Amino acid sequence: MILKLSSGQELPVEMHKARMVQKIELIPAEQRLKAIQEAGYNTFQLKTKDIFLDMLTDSGVNAMSDNQFAAFIKTDDAYAGSMTFYEFADAVKDILGYEHVMNVHQGRAAEHLLSKVFGKPGGVIITNYHFTTTKAHIEVTAGSVCLELYADEALKTKSTHPFKGNMDIQKLKDAIRKYGKEKVGYVRMEATTNLLGGQPFSMENLKEVRKVCDESGLLLILDGSLISENAYFIWKREKGYERKTVAEIIKEMCSLADIFYLSGRKNTCVRGGFIATNRKELFGQIEPWLPVYEGFFTYGGMSMREIGPMAVGLREMVDPSVAGCAIEQIKYFVEKLDGMGIPVVTPPGGLACHVDAKKFLPHVPKEQYIAGALTAALHIASGVRAMERGTISMDRDKDGNDVYADLELTRIALPRRVYSLSHIEYIIDRLKWLYQNRELIKGLKFVSEPPVLRFFLGKLDVLDNWSRKLCDAFKKDFGETW
Ligand code: F0G
């Protein structure tokens with residue numbers, strides 16, 4: 001919630017209090033260097049004992065509420081027919097308006113089933129922008145090409161456009177004409193578009209996409225992993241929605257999609273996912289595959305103990321102080337950095353503060369994994385674990401060439417209700433120091449990499465031994481420890 005201070009400044013105030021905490025440690029810079037070296041300069045490979053602030057992701061690491069913990073204890077454990085599942089299905093109906101729902105073990109499991117059932121081998125799947133796991137399933141499971149039809153503004157990291165996650169409607173119409181509707185598996189809209197820097201789409205845009213899908217008889221699938229943030233942005237930024245509630249906006253968004261899925265690891269603050277729809281015949285096409293890949297219908301690969309809290313999480317995510325808790329922290333974070341001239345994605349989005357690594361490190365060529373280098377440097381300078389969202393997060397093409405990402409971002413994610421403003425202030429200060437010393441940061445090269453989703457397991461090394469030099473410069477300014 002935003003409270004106005006007497007100075008006129010707006011302060012994002014947390015509308016919750018911590019009643020259980022976890023101790024964290026900040027290890028000295030020399031040990032941080034050793035840890036990132038051993039991790040192959042890949043922050044996925046770090047151990048949490050070597051991390052001070054874990055801002056890798058907002059996925060599966062959010063703080064559950066007291067009511068969610070209560071639901072965890074109260075779970076009706078059963079392989080089949082658990083009443084907890086039916087309570088969850090009621091929450092889906094009440095909050096999202098869908099009659100039919102099946103759980104899956106996480107978001108990518110939904111992507112697997114949807115690509116398997118609705119993908120057209122040799123065809124295309126259209127989206128506003130890809131997410132890593134989505135693209136992998138479109139290519140590997142559906143055997144299709146992932147077509148991204150974002151508006152040109154989407155790739156401008158410095159922008160004031162309120163809805164950079166919009167799909168370009170003209171491009172959508174042209175693509176359907178070019179490929180033919182029988183070649184299009186489905187159209188997918190991703191709420192608070194992750195890899196564009198957590199940028200939302202507008203309700204107006206979603207309605208236009210719906211109209212085009214209706215005209216061509218195409219399925220519209222909504223990835224709602226970050227739906228409450230997208231709804232919060234619509235509430236804050238879109239004309240005509242300022243008097244609606246976040247709950248009403250979420251319902252309206254859902255009413256426009258044929259099929260909805262999400263990773264529950266984000267907005268519902270648990271670990272799991274689901275697919276929901278009002279179209280029984282579509283549900284019936286997916287349902288037979290659920291026990292093959294996930295589990296029986298009333299648990300779908302999730303622990304029953306997470307399904308109860310997921311129902312509570314759904315009901316809680318429509319509260320603006322929950323829907324906006326990370327957004328308002330991110331806004332504070334981004335605006336401060338932007339004010340200092342440090343290149344970040346604007347306008348501030350959901351999910352994370354995204355640093356524009358291409359602008360931060362203009363001297364590092366794109367062949368040397370710019371965002372990967374900045375993400376590793378941040379760990380050395382601060383003990384903060386961020387995530388590379390750039391070329392390392394793209395897999396090679398079939399000839400083995402790198403596919404250069406549109407954006408090179410270091411993503412500093414804000415798990416919900418976990419970190420405070422003092423943590424953010426600390427990162428801002430260390431980013432400022434890194435920016436002043438950016439010439440010390442050079443590129444990376446791959447040492448080993450798997451063929452698909454290489455960012456998870458790939459190992460890299462630094463060029464010109466820059467990490468040693470950066471660590472030494474840090475110690476000179478801050479001493480051995482801080
Ligand atoms: N869709 C979106 C928009 C996502 O952000 C994610 C995951 C998924 C699908 C896949 O869900 O992880 O439950 O299988 N995003 C995480 C992240 C991994 O860190 O942004 P999952």
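Computed from a predicted model, the values in this text were never measured in an experiment.
Judged as a side-chain contact (heavy atoms from CB on, under 4.5 Å), and not counting sequence neighbours, Lys120 has no contacts. Annotation: salt bridge (Lys or Arg N to Asp or Glu O under 4.0 Å) contacts of Lys207 (sequence neighbours excluded): Glu252. Remark: Glu408 pairs with no residue by the salt bridge (Lys or Arg N to Asp or Glu O under 4.0 Å) rule, at least two apart or across chains. Residues satisfying the side chain to side chain donor-acceptor pair (under 3.5 Å) criterion with Thr346, sequence neighbours excluded, are absent altogether. Remark: Arg19 pairs with Lys17, Asp66 by the side-chain contact (heavy atoms from CB on, under 4.5 Å) rule, at least two apart or across chains. Under the side-chain contact (heavy atoms from CB on, under 4.5 Å) criterion, Leu26 pairs with Arg32, Phe52, Tyr426, Trp482, not counting sequence neighbours. Partners of Arg305 according to the side chain to side chain donor-acceptor pair (under 3.5 Å) rule, which considers only residues two or more places apart in sequence or in another chain, are Asp77. When the salt bridge (Lys or Arg N to Asp or Glu O under 4.0 Å) test is applied to Asp168, no partner is found at least two apart in sequence or on another chain. Glu229 pairs by the salt bridge (Lys or Arg N to Asp or Glu O under 4.0 Å) definition with Arg416, not counting sequence neighbours. The side chain to side chain donor-acceptor pair (under 3.5 Å) search around Glu204 returns none, not counting sequence neighbours. Every residue two or more places apart in sequence or in another chain that forms a side chain to side chain donor-acceptor pair (under 3.5 Å) with Ser422 is listed here: Ser420.
Checked by atom type, the side-chain pair Arg411/Asn194 shows a donor-acceptor distance below 3.5 Å. Between Ser321 and Asp319, the side chains place a donor N or O and an acceptor N or O closer than 3.5 Å (distance only, hydrogens not considered). There is no side-chain donor-acceptor pair under 3.5 Å between Tyr186 and Asp258. For the residue pair Glu388/Tyr41, the side-chain donor-acceptor check at 3.5 Å is not satisfied.
The only member of Gln199, Lys164, Met189 that meets side-chain contact (heavy atoms from CB on, under 4.5 Å) when paired with Asn128 is Met189.
Applying the salt bridge (charged side-chain N to carboxylate O under 4.0 Å, His left out) rule to pairs touching residues 78-97 yields Lys93-Glu99, Asp94-Arg315, sequence neighbours excluded.
One distance of note links NZ of Lys34 with CD1 of Ile380; it measures 14.0 Å at 0.5 Å rounding. One distance of note links CG of Asp50 with CD of Glu25; it measures 11.0 Å at 0.5 Å rounding. Atom CG of Asp223 sits about 8.0 Å away from atom OG1 of Thr133, to the nearest 0.5 Å. To the nearest 0.5 angstrom, Met317 atom CE is 10.0 Å from Met310 atom CE. Taking NE2 of His137 as the reference point, atom CD of Glu139 lies at 11.5 Å (rounded to 0.5 Å). We find the NZ-CG distance between Lys211 and Leu172 to be 11.5 Å, quoted to the nearest 0.5 Å.
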Glu248/Lys251 under side-chain contact (heavy atoms from CB on, under 4.5 Å): CA gap, chis, key distance, verdict: CA-CA 5 Å; Glu248 287 166 340; Lys251 263 244 175 89; 5.7 Å; no
Full working for side-chain contact (heavy atoms from CB on, under 4.5 Å) between Glu10 and Lys331: CA-CA 11 Å; Glu10 291 188 336; Lys331 184 167 180 281; 4.1 Å; yes
Derivation of the side-chain hydrogen bond (donor to acceptor under 3.5 Å, both in side chains) call for Glu111 and Thr134: CA-CA 6 Å; Glu111 291 168 343; Thr134 325; 2.8 Å; yes
CA sep, side-chain torsions, deciding dist, call: Leu155, Leu196, side-chain contact (heavy atoms from CB on, under 4.5 Å): CA-CA 7 Å; Leu155 299 186; Leu196 288 176; 3.9 Å; yes
Working for side-chain contact (heavy atoms from CB on, under 4.5 Å), residues Leu290 and Val104: CA-CA 8 Å; Leu290 190 68; Val104 291; 4.0 Å; yes
Steps toward side-chain hydrogen bond (donor to acceptor under 3.5 Å, both in side chains) verdict (Tyr150, Asn166): CA-CA 6 Å; Tyr150 50 86; Asn166 281 353; over 6 Å; no
Verdict with supporting geometry, Tyr332 and Glu425, side-chain hydrogen bond (donor to acceptor under 3.5 Å, both in side chains): CA-CA 10 Å; Tyr332 178 92; Glu425 288 290 355; 2.3 Å; yes
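Trp235 contributes no side-chain N or O that, together with a main-chain N or O of Thr245, makes up a donor-acceptor pair within less than 3.5 Å. A distance-only check finds no donor-acceptor pair linking the side chain of Thr268 to the backbone of Leu314 [under 3.5 Å]. In terms of modelled atom types and a separation under 3.5 Å, the side chain of Asp54 and the main chain of Thr48 share no donor-acceptor contact. A donor-acceptor contact shorter than 3.5 Å links the side chain of Asn62 to the backbone of Arg265. The backbone N or O of His130 sits less than 3.5 Å from a side-chain atom of Glu148, completing a donor-acceptor pair. Side-chain N or O atoms of Arg430 include none that pairs as donor or acceptor with a backbone N or O of Ser382 at under 3.5 Å. In this structure a side-chain-to-backbone donor-acceptor pair under 3.5 Å is missing from Thr157 to Asp356. Remark: the backbone N or O of Gly273 is not paired with any side-chain donor or acceptor of Ser263 at under 3.5 angstrom. Under a 3.5 Å cut-off, the side chain of Arg188 and the backbone N or O of Leu222 do not form any donor-acceptor pair. Checked by atom type and distance alone, the side chain of Gln68 pairs as donor or acceptor with a backbone atom of Ser65 at under 3.5 Å.
For an aromatic pair to be called close, the ring centres must be under 6.0 Å apart, and Tyr299 with Tyr79 satisfies this. Centroid-to-centroid, the aromatic rings of Phe88 and Phe274 come within less than 6.0 Å.
For the pair Leu421/Leu11, a side-chain contact is recorded, criterion being any heavy-atom separation below 4.5 Å from C-beta on.
In terms of heavy atoms, Thr43 sits closest to Arg385 at O-NH1, 3.0 Å. Between Ala71 and Gly308, the shortest heavy-atom distance links the atoms CB-C, 3.8 Å. Closest approach of Arg417 to Cys325, counting heavy atoms only: CG-SG, 4.1 Å.
Taking the six-membered ring where tryptophan is involved, the planes of Phe260 and Tyr98 are tilted, since the angle between them lies from 30° to 60°. Under the 30°/60° scheme for interplanar angles, the aromatic rings of Phe455 and Phe44 are found to be tilted. Using bins of under 30°, 30° to 60° and over 60° for the plane-to-plane angle, the ring pair Phe297/Phe283 lands in the perpendicular bin.
Remark: Gln22 CD is loosely packed, at most 12 non-hydrogen atoms of other residues, nucleotides or ligands lying under 6.0 Å away.
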